[in-house]
Amino acid sequence: MPTFDTVRVAAIQATPVVLDADATVAKACELLGQAAAEGARLAVLPEVFVALYQSNGWARHAASFSGWDELWDRLWDNSVDVGGPHVQALVDACARHDIHCVIGVNEREDERPGSLYNAMLTIGPEGLVHRHRKLMPTMQERLFHGVGAGDDLAAVDLPGVGRVGGLICWENRMPLARYAVYEHGPQIWVAPTADDSEGWIASMRHIAIEAGAYVVSVPQYIPAAAFPDDFPVPLPDGKEVFGNGGACIIDPRGNVVAGPLYGEEGLVLHDCDLRACLHAKRSFDAVGHYSRAEVLKP
């Protein structure tokens, strides 16, 4: 059974070292140390933090058969093998700092050069705890990422933290995917994302109420200045920011209790009293007394 402790959680809003997986993972390890120094037991980083999110702001023309091979090469070269050194570096950092993390990565298949996936990794001192591949890449993401198999919709028990589950970005709009994770009883819902809109926060507040869980929402902050001079495709003129952030933490009643943080990198911290999740479910339990699954499931 899950415990009902109070656990400090960090939403880490950060900018990757664009197209440099080694440097981005090193930065993530440093940020995990900073979060742990603030007392966090769980830290969540943005969607596809390693080593670049394929933003609609610059990647919408990738459907062309020509002109994008160099970007694909560099994305693949700077993607993550789940059994490889980048994950091991994160495991080692979690062990040094006694912390768990959730991080978004471009994941490549370990055994062959081929497809990439938008993946969310849950990592702790004991190693890789869980991998989830995004079920349905959104719009231009479909040009870069394969679809997830859906066999990884679960929550996991993390020692000293609680039961943690969640989805990636607009997967959080998929009611049946949410329900599948709710069935595992998450107390902390993680939502790495690239969405910096007000509407996104409204969705996160709804999910907190629906799940009876704390929601940790972590968008990216990516200024145009973060892109290297040799970035292989042109960036649109006059656009200064490709992700303005908005990291926040929301309690099980739907109240924003930390953040949102915009326009900069930073940590958003909150002490989550997990007993509040149990209290929220007394009045509304989406997969319990309020589910009526026998009527509503096909």
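Annotation: side chain of V218 is not in contact with side chain of E47 (no heavy-atom distance under 4.5 Å). Put simply, the side chain of Q187 does not reach to within 4.5 Å of the side chain of C272, judged on heavy atoms. Using a 4.5 Å heavy-atom cutoff, the side chains of S283 and R253 are in contact. Taking the side chain as every heavy atom from C-beta outward, S203 and H206 never approach each other to under 4.5 Å. Two residues are said to be in side-chain contact when any heavy atoms from C-beta on lie closer than 4.5 Å; C29 and L90 meet this criterion. With a 4.5 Å cut-off on side-chain heavy atoms, W68 and H61 count as touching. Between S291 and Y179 the shortest side-chain heavy-atom distance falls below 4.5 Å. Looking at Y214 and P252, their side chains come closer than 4.5 Å, going by heavy atoms from C-beta outward.
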- request: For the pair L274 and I188, evaluate side chain to side chain contact (heavy atoms under 4.5 Å, CB included) and give the outcome as yes or no after the intermediate values.
  value: CA-CA 8 Å; L274 300 186; I188 299 172; 4.0 Å; yes

- prompt: Should F242 and Q220 be marked as a side chain to side chain contact (heavy atoms under 4.5 Å, CB included) after you check the CA-CA gap, both sets of side-chain angles, and the distance that decides it?
  reply: CA-CA 9 Å; F242 292 90; Q220 308 159 342; over 6 Å; no

field: side chain to side chain contact (heavy atoms under 4.5 Å, CB included) evaluation trace for R41 with D98
entry: CA-CA 7 Å; R41 303 302 309 278; D98 189 24; 3.5 Å; yes

- prompt: Checking side chain to side chain contact (heavy atoms under 4.5 Å, CB included) for the pair V181/W189: CA distance, chi angles, key distance, verdict?
  reply: CA-CA 9 Å; V181 182; W189 184 274; 3.5 Å; yes

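Taking CG of D92 as the start and CG of L32 as the end, the distance is 11.5 Å to the nearest 0.5 Å. Rounding to the nearest 0.5 angstrom, the gap separating the CD1 atom in I222 from the CD atom in E240 is 15.5 Å. With values rounded to the nearest 0.5 angstrom, K239 atom NZ is found 6.5 Å from S55 atom OG. Distance check: M139 CE to R60 CZ gives 9.5 Å after rounding to the nearest 0.5 Å. Rounding to the nearest 0.5 Å places SG of C169 at 5.5 Å from OH of Y53. Atom CH2 of W170 is separated from atom CD of E141 by 9.0 Å, given to the nearest 0.5 angstrom.
Using cut-offs of 30° and 60° on the angle between ring planes, the pair W58 and F231 is perpendicular.
Between the side chain of K27 and the backbone N or O of T15, at least one donor-acceptor pair lies under 3.5 Å. Between the S197 side chain and the W200 main chain, a donor and an acceptor come within less than 3.5 Å of each other. Proximity of a side-chain donor or acceptor of D152 to a complementary backbone N or O of R133 within less than 3.5 Å is detected. In this structure, the side chain of H132 does not engage the main chain of A154 through any donor-acceptor pair within 3.5 Å. Side chain of N78 to backbone of L75: no donor-acceptor contact under 3.5 angstrom is found. For the pair R131 (side chain) and A119 (backbone), a donor-acceptor distance under 3.5 Å is absent. Under the 3.5 Å distance criterion, the side-chain polar atoms of R178 are matched with a main-chain donor or acceptor of N172. Checking side-chain atoms of K281 against main-chain N and O of A211 turns up a donor-acceptor pair under 3.5 Å.
Between the side chains of E126 and H100, at least one donor N or O lies within less than 3.5 Å of an accepting N or O. With no hydrogens or angles considered, no side-chain donor-acceptor pair links Y262 and Q13 at under 3.5 Å. Q54 and N106 form a side-chain donor-acceptor contact under 3.5 Å, judged by distance and modelled atom types alone.
Two different hydrophobic clusters hold I209 and V257 under the rule that ILVMFWY side chains link at heavy-atom gaps under 4.5 Å. V129 and L42 fall within the same hydrophobic cluster, where Ile, Leu, Val, Met, Phe, Trp and Tyr residues are linked whenever their side-chain heavy atoms come under 4.5 Å apart, directly or through other members. Under the 4.5 Å side-chain contact rule for hydrophobic residues, V91 and V25 share a cluster. Placement of V7 and L158 within a single hydrophobic cluster is found when ILVMFWY residues are connected by side-chain heavy-atom separations under 4.5 Å, directly or transitively. At a threshold of 4.5 Å between side-chain heavy atoms, the hydrophobic network of Ile, Leu, Val, Met, Phe, Trp and Tyr places L121 and V102 in two separate groups.
With sequence neighbours excluded, the residues forming a ring-ring contact (aromatic ring centres under 6.0 Å, His included) with Y290 are F284, listed by chain and number. The side-chain contact (heavy atoms from CB on, under 4.5 Å) search around D196 returns N244, not counting sequence neighbours.
No option in L153, D285, V287 other than V287 meets the side chain to side chain contact (heavy atoms under 4.5 Å, CB included) test with Y182. Checked against T24 for a side chain to side chain contact (heavy atoms under 4.5 Å, CB included), the options V50, L52, V80 give a single hit: V50.
Using a cutoff of 4.0 Å between basic side-chain nitrogens and carboxylate oxygens, R74 and D230 are scored as salt-bridged. Ion pair R173/E171 not flagged as a salt bridge, since none of the NZ, NE, NH1 or NH2 atoms sits closer than 4.0 Å to an Asp/Glu carboxylate oxygen.
Within 6.0 Å of the CE atom in M174, the count of heavy atoms belonging to other residues, nucleotides or ligands exceeds 12.
The shortest heavy-atom contact between G246 and P260 is O-CB, 3.6 Å. When all heavy atoms are compared, the tightest approach of A10 to L269 is CB-CD2, 3.5 Å. Smallest separation of non-hydrogen atoms from P232 and L19: CD-CD1, 3.9 Å. Here the closest heavy-atom approach between residue L116 and residue F144 is recorded as CB-O, 3.6 Å. Minimum heavy-atom separation, G146 to P137: O-CG, 3.6 Å. Taking each heavy atom of T122 and V156 in turn, the nearest pair found is CG2-CG2, 4.3 Å.
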